[in-house]
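Reading through the structure tokens given below for one structure.
Numbers restart at 1 for each chain; the letters A, B, ... are given by sequence-line order, proteins then strands. Predicted model only: the values in this text are computed from it and were never measured.
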Amino acid sequence: MGTRRSASLRCFPSALAASPRKTYLRLPFPFPCMAEERKTLEQRHQMSDLERLRHSAAHVLATAILRIWPEAQFAAGPPVENGFYYDLEMPHRISPDDFLKIEEEMKKEIKANHVFERTAVSRDEAIALANSGRLGGLSERPGNVSKFKIGNLADIPEGEEISLYKNGDFLDLCAGPHVMRTGNIGAFRLTSVASAYYKGDEKNPQLQRIYGTAFKNKTEMEAYFTMLEEAKKRDHRKLGKELELFCFDDDVGPGLPLWLPRGTVLIEELEKLAKETEFAGGYDRVRTPVLARENMYLTSGHLPYYAESMFPPMELREDAKGSEGFIDFTLKRLSFDESEEYLREAYRKAKGTHTSGSYVDMEAEFEEFFRAIPEQQFGDASKIALERLFLDMGIDEAKSKIAPPDRYYLKAMNCPHHHKLFAAVPRSYRDLPLRLAEYGTCYRYEQSGELFGLMRVRSMQMNDAHIYCTEEQFESEFRAVNEMYLKYFAIFGIDKYVMRFSTHDPAKLGQKFVDNSELWLKTEDMVRGVLQRTGINFIEVPNEAAFYGPKIDVQVWSAIGREFTIATNQVDFAVPARFGLTYKDRDNTSKTPLCIHRAPLGTHERFVGFLIEHYAGNFPLWLSPEQVRVLPIGDEEPLVNYAKAIQAELRAAGVRANLDSSSDPIKAKIASAEQMKVHTMLVLGHRDLEAGNVSVRVHGKGNLGAKPRAEVIADLLAAIKERRA
RNA sequence: GCCAGUGUAGCUCAGUGGUAGAGCAGCUGUUUCGUAAACAGCAGGUCGCGGGUUCGAUCCCCGCCACUGGCUCCA
């Protein structure tokens, strides 16, 4: 059996949960930025000038730190999308207060304009230097071995040249490339400290990571920081509070957003858009509950491997302590036919010893145990190990504690429910394609450290649908889905996007991927063909497919150039079979449909978060939480009546129009409307009343002058109907 | 979950080992005004929560919770 990761199900939209922090730190394909992923020589040659410069800046950073803390041990210091970092270990905890001091040392190093000298050494020479503490140091450091460098050396394949780089006194194990001289680093700044595991593995020591950025010159660096300022101003968490869109509350729980009326408007407008689009595309709407019995998730395969990302189950029987379903499932997965009875007993024993522990804890422990045993040796060795581990409790006693549980889980995805709807009615080929759409709310127990405003939440509403179709229908269905994406991009003014098309790894058929080479290749060809023929901007990413079929992650860029992964589109030719979904074909045989998972708007939470940044809170009229505010100048009765009549007319036509009847002066009324980014302000004074006009002021555009009332209202209605930008 | 930082009024933020302030918002008056803020008064806080040190803690220490920046994770 595979590792936990490869065995885990990548059901529906993996990307919905992707951290934007991480996604927008990703370098453009195909250059991987992760230090943990060793770059090939070829990739190193492709390093851009800026990346070289930043990589060199990392060496200068290390040099500076050693001047202050000579005992520091360095691990890896690569360039990343927005700068560079260097990981290090030392007793002193670096804080931003130390930055000034470090930057001063860095400046000296840059001013000295040292050459980056490259030397090739043998592995033995490199190891000797590491043992003397020289690698990642300014001089030899007896007793202070360059331990991380030794670890890095081990990752260099035999036959690859081992090179060192030296700038001034600082000597480092490094494959390069670098700029010519330290003086080529035109501008730099340290930006933050963080922690990171050595080689990205949580079993390794935790290191201090110093982040910085560097540029050719000061002007470019200033532009970068200006962009960051703009991003800060557009931060969806800040705007969400200021514009009264959503909030969080401790008593409700972390990661559970509460939607205020203004934010609810955004979500409902998105729903309206999706409903119209999907209705036109032949979708049927369905509704399913937010929870389901454990058994369904055993069928789908989400339990036990996904359990830790689901909210703990609700148990309807207090005495429920065992999990027959889990045992069945585990046995089925592992094919332990011979030792089935034995394992059952062992597991019951284990359960018995953990009566107070939670199901999830128990399960994790059990699984960890399984993983520890190499596949080939599972037979006898497993029996012995199980026996040792789960020895104490007698079988009878364990049995007596077991009662079949009735356990419910909050749904983490909608697909299993939809599969049940497919199965609810006998299906014929005439019913296909069947497109079931639901904006179902899903609950995922994201780790506390992952939560991030609306971008990573624990309750999320997905713009979800599953399309069940035949292979013959696949192309046109898939094409229609892609066209839907493009339509949405046009509406939201998203002019930069890329579809990351992930395919399977032929070497991992049967392990990471469903073992049906023919179907994979066929489906991938279909997907590739559609992408090519529709002229969609896509890149192909090998080996990253979902286990049950190829997938497409949709990445978009906001107006200020930050990248978000908002949606995933996946082809599933495996799970419908697990659910036994079939339709009767023309030839009276039962066949299993293909399933396309799609959610063009992703989760409404993340999409709204994206839109807040994209529009900087200045939503187009159709989306605007408050489309119109009527502002009478003064509160004399005839004027107020005129204002009320206009508001009523707009409301009757479905426009979100409010009236500011306070006694504030008109300047103050305008100021507060502008502050809330009300799209259109209708200013009414005596002159307007007498002429039957309204004076129009649009947020961000200022006063547009007086126009006849009927004309203004007609214009507003047209702009809303067309979803004008 | 891990590392680090932060937590004072609805919001933005001052502040102190002797139980707290400002601006905006809110409320009540006055003001009746033509495109980003008229004036006055009032009210508003268990200083995140729980322990500890102290004669006394919002301040110092410990634990917890939440948020922020990263790491890990992400069907």
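For A:Lys232 and B:G69, the NZ to P distance is 10 Å, given to the nearest whole Å. Note: CZ (A:Phe452) to C1' (B:C73) measures 16 Å, nearest angstrom. In this structure, A:Gln447 atom CD and B:C65 atom P are separated by 15 Å, rounded to whole Å. Atom pair A:Leu451:CG and B:C71:P shows a separation of 15 Å (rounding to whole Å applied). Residue A:Glu637 contributes atom CD, which lies 15 Å from atom C1' of B:U32 at whole-angstrom precision.
B:C61 and B:A25 are spaced 38 Å apart, taking the C1' atom of each and rounding to whole Å. Taking the C1' atoms as reference points, B:A9 lies 13 Å from B:U46, given to the whole Å. Atom name P, nucleotides B:U8 and B:G48: the rounded distance is 6 Å, in whole Å. Taking atom C1' on both B:G34 and B:G23, the two are 28 Å apart, rounded to the nearest angstrom.
Taking 4.0 Å as the cut-off between side-chain N and carboxylate O, A:Lys677 and A:Glu626 do not count as a salt-bridged pair.
Each of A:His418, A:His417, A:Lys411 was scored for a side-chain hydrogen bond (donor to acceptor under 3.5 Å, both in side chains) with A:Thr288, with one residue passing: A:Lys411.
Contact of A:Gln675 with B:A36 (side chain to base): no donor-acceptor pair of N or O atoms is detected under 3.5 Å. Between the side chain of A:Arg444 and the base of B:C73, no donor-acceptor pair of N or O atoms lies under 3.5 Å. Contact annotation: side chain of A:Glu674 to base of B:U35, donor-acceptor pair absent below 3.5 Å.
Distances shorter than 4.0 Å separate none of the side-chain N or O atoms of A:Arg606 from OP1 or OP2 on B:C74. The phosphate of B:U12 has OP1 or OP2 within less than 4.0 Å of a side-chain N or O from A:Lys241.
Residue A:Ile666 is classed as a sugar-phosphate contact, given heavy-atom separations below 4.0 Å to backbone atoms only. Within 4.0 Å of A:Lys669, counting heavy atoms only, lies no atom of the nucleic acid at all.
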Can you tabulate the close N/O pairs, meaning under 3.5 Å, that link protein atoms to atoms of nucleotides 25-31 of chain B?
residue, atom, partner, partner atom, Å
B:U31, O4, A:Ser663, OG, 3.0

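Both A:Glu636 and A:Ser672 sit near RNA chain B, but only A:Glu636 has its closest nucleotide nearer the 5' end. Nearest-nucleotide mapping onto RNA chain B: of A:Arg687 and A:Glu242, the residue sitting toward the 5' end is A:Glu242.
Distances were taken from every side-chain heavy atom of A:Lys667 (C-beta onward) to each of B:C67, B:U35, B:G34; the shortest belongs to B:U35.
A cation-pi arrangement is absent between A:Arg444 and A:Phe311 under the rule of less than 6.0 angstrom and at most 45 degrees off the ring axis. Taking the ring centre of A:Phe84 as origin, the terminal cationic atom of A:Arg54 falls outside the region bounded by 6.0 Å and 45° from the ring axis.
With a 3.5 Å limit on both pairing distances and Watson-Crick or G-U wobble geometry required, the stems of 3 or more pairs in RNA chain B span B:1-7 with B:65-71, B:10-13 with B:21-24, B:26-30 with B:38-42, B:48-52 with B:60-64.
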* Asked: What string of B, S and - do you get for nucleotides 2-9 of chain B, 5' to 3', if B is base contact, S is sugar-phosphate-only contact and - is no contact with any protein heavy atom under 4.0 Å?
  -> BBS-----

